[in-house]
Visitor: 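Please see the structure below; I have some questions.
Per chain, numbering begins at 1; letters A, B, ... match sequence-line order. These figures come from a predicted structure and were not determined experimentally.
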Protein chains: 2
Amino acid sequence: MSHTLGIRQAQKQKTRQSLLDAALGLLEEQSLSSLGLREVTRAVGVAPTAFYRHFRSTADLGVALVEEALGSLHPMIRTTVAAADTSEERIVRAVELIAHHVDTHPAHVRFIARERHGGVQPVREAIQGQLARFAEEVQAELAKDRESVGWSDDDLLMLAHLYVDQMLITASLFLEALEGSAEERERVAQVATRQLRLISIGRDHWQD
Amino acid sequence: MSHTLGIRQAQKQKTRQSLLDAALGLLEEQSLSSLGLREVTRAVGVAPTAFYRHFRSTADLGVALVEEALGSLHPMIRTTVAAADTSEERIVRAVELIAHHVDTHPAHVRFIARERHGGVQPVREAIQGQLARFAEEVQAELAKDRESVGWSDDDLLMLAHLYVDQMLITASLFLEALEGSAEERERVAQVATRQLRLISIGRDHWQD
DNA sequence: TCATCCAGTTAACAACTGTTCTCCGTAATT
DNA sequence: AATTACGGAGAACAGTTGTTAACTGGATGA
């Protein structure tokens with residue numbers, strides 16, 4: 001692999017990325033369904049018609065943004081759920097990783113939270129597809145634990161969805177607290193940690 | 001109270017309600033941030049300028065929709081969390097009530113799920129305010145349980161938020177399954193029930 | 001009964017939208 | 001070196017948007 005791109009394709013990808021970045025920025029204060037194609041090209045400094053060289057529509061651009069925002073997240077999910085001695089350690093580590101990811105990719109997190117139930121169907125479906133994949137990966141990791149003996153696949157997937165949804169809620173809360181004080185963010189972390197802890201306790205006593 | 005409205009004010013409220021209803025309908029396939037004022041008035045069959053007699057902007061209308069969608073929900077929350085002999089009974093009842101509410105008010109549920117993280121700040125804040133009130137009410141009901149002795153107020157509120165978020169997730173899943181088969185909706189109910197059950201188990205063993 | 005109020009109308013405004021077609025310059029291919 | 005492929009520019013299109021102003025007619029209150 002790793003074939004050096006021609007200077008033509010390289011420039012094209014550069015423009016495409018600029019469009020994605022500009023769109024992500026504009027989506028800070030609106031939803032995808034109100035994002036105009038001209039609005040995006042204006043922000044990039046390119047002619048409106050250039051947009052069509054890269055995307056069929058803003059909905060199409062939205063789907064690409066889903067890939068960018070969630071596609072690179074799979075390895076992180078794996079390592080988060082995986083390596084840990086105690087489950088308490090795993091919880092603390094997971095919350096830290098979520099907080100860090102929100103710090104470094106706030107616009108991505110906002111986009112996913114906003115468009116997960118948003119007004120653009122193809123984007124909603126893309127997000128739900130990725131989240132379903134996440135849940136399956138979490139399920140696979142959970143299955144490796146010794147706490148999971150006797151669990152049915154259905155129940156493991158049920159628990160995995162609970163974890164994934166909880167991660168999204170926590171990420172969204174961290175996002176709201178981004179501009180807030182350090183104490184505010186600490187409070188979010190505390191609540192999220194205790195919620196995960198409670199779920200973990202429920203898991204331990206599920207078999208009774 | 002209960003003063004009979006003049007025929008003038010009655011007509012005004014009628015038009016206002018028509019605007020709210022039309023908007024809710026239009027929001028089935030888009031987000032509030034892309035909802036146009038003319039779009040709404042056109043759907044009602046009224047002049048665009050009439051809109052200003054009722055709302056300052058579509059964002060203002062959105063806030064009114066939040067009141068309509070969530071304001072009347074408080075008593076239901078109370079009765080859901082309250083009366084129940086066993087906690088298992090309470091869980092089943094809660095899921096049933098959520099399913100029923102989604103059946104009878106799908107547009108309201110969709111609106112809340114969509115705009116909770118949507119692109120219009122005042123609406124987001126209105127929803128979060130109402131949800132915070134919900135969480136406090138749930139907390140108050142939980143405090144009455146004998147399972148709650150020894151719990152701090154903070155932990156009870158943490159649990160209440162977990163329940164409220166879980167209710168919203170469940171409602172959103174029911175909404176997606178609305179057009180689907182009966183088996184699909186039953187599967188959603190099963191998963192939601194087991195998730196609530198797991199949380200409930202975690203609650204029972206929290207003190208250890 | 002008469003003056004006032006006010007929800008809704010009509011007309012007009014500049015600004016904006018997505019989309020098409022035609023063109024240009026240059027990288028890629030032969 | 002000649003030809004093709006193609007990302008982007010430019011101009012124009014009909015249609016839309018939010019907002020203002022002045023107006024109408026029927027309910028309201030003296």
Visitor: Name the closest nucleotide to the A:Lys12 side chain, picking from D:dA9, C:dG8, D:dG7.
Guide: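 For the A:Lys12 side chain, the nearest candidate turns out to be D:dG7.
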
Visitor: Is atom CD of B:Gln17 surrounded by more than 12 heavy atoms (other residues, nucleotides or ligands) closer than 6.0 Å?
Guide: yes

Visitor: Take atom CZ of A:Phe51 and atom P of D:dA9, then tell me their distance rounded to the nearest Å.
Guide: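 In whole Å, D:dA9 P lies 14 Å from A:Phe51 CZ.
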
Visitor: Classify B:Arg42 by what it touches in the nucleic acid, base, sugar-phosphate, or nothing, heavy-atom distance under 4.0 Å.
Guide: sugar-phosphate

Visitor: Both atom distances under 3.5 Å, Watson-Crick or G-U wobble: I'd like the secondary structure of DNA chain D as a dot-bracket string, with | for pairs made across strands.
Guide: ||||||||||||.||||.||||||||||||

Visitor: Rounded to whole Å, please give me the gap between CD in A:Gln11 and P in C:dA28.
Guide: 11 Å

Visitor: Can you confirm whether more than 12 heavy atoms, excluding those of B:His74, are under 6.0 Å from its NE2 atom?
Guide: yes

Visitor: Under 4.0 Å between a side-chain nitrogen and a carboxylate oxygen: does that hold for B:Arg187 and B:Glu184?
Guide: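 Salt bridge between B:Arg187 and B:Glu184, a charged N being under 4.0 Å from a carboxylate O: no.
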
Visitor: Considering only NZ, NE, NH1 and NH2 on the basic side and carboxylate oxygens on the acidic side, decide whether B:Glu96 and B:Arg93 come within less than 4.0 Å.
Guide: no

Visitor: When rounded to the nearest 0.5 angstrom, what is the spacing between OG in B:Ser172 and CD1 in B:Ile112?
Guide: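 So the gap between those two atoms works out to 12.0 Å.
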
Visitor: Measure CG/A:Leu26 against C1'/C:dT17 and give the value in whole Å, please.
Guide: 15 Å

Visitor: Is there side-chain contact between B:Trp151 and B:Leu159, with heavy atoms separated by less than 4.5 Å?
Guide: yes

Visitor: Give the rounded distance in Å between these two atoms: CD of B:Gln17 and P of C:dG8.
Guide: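 So the CD-P distance, B:Gln17 to C:dG8, works out to 13 Å.
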
Visitor: Classify the ring geometry between B:Phe51 and B:Phe55 as parallel (under 30°), tilted (30 to 60°) or perpendicular (over 60°).
Guide: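 Ring orientation, 0 to 90° scale: tilted.
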
Visitor: Along nucleotides 18-26 of chain D, 5' to 3', which nucleotides get a B, which get an S, and which get a -, given that the test is a protein heavy-atom distance under 4.0 Å?
Guide: BBBB---BB

Visitor: Whole-Å distance between D:dA9 C1' and A:His54 NE2?
Guide: 13 Å

Visitor: Out of curiosity, A:Gln195 CD to B:Leu162 CG, how far, rounded to the nearest 0.5 Å?
Guide: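 CG of B:Leu162 is found 4.5 Å from CD of A:Gln195.
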
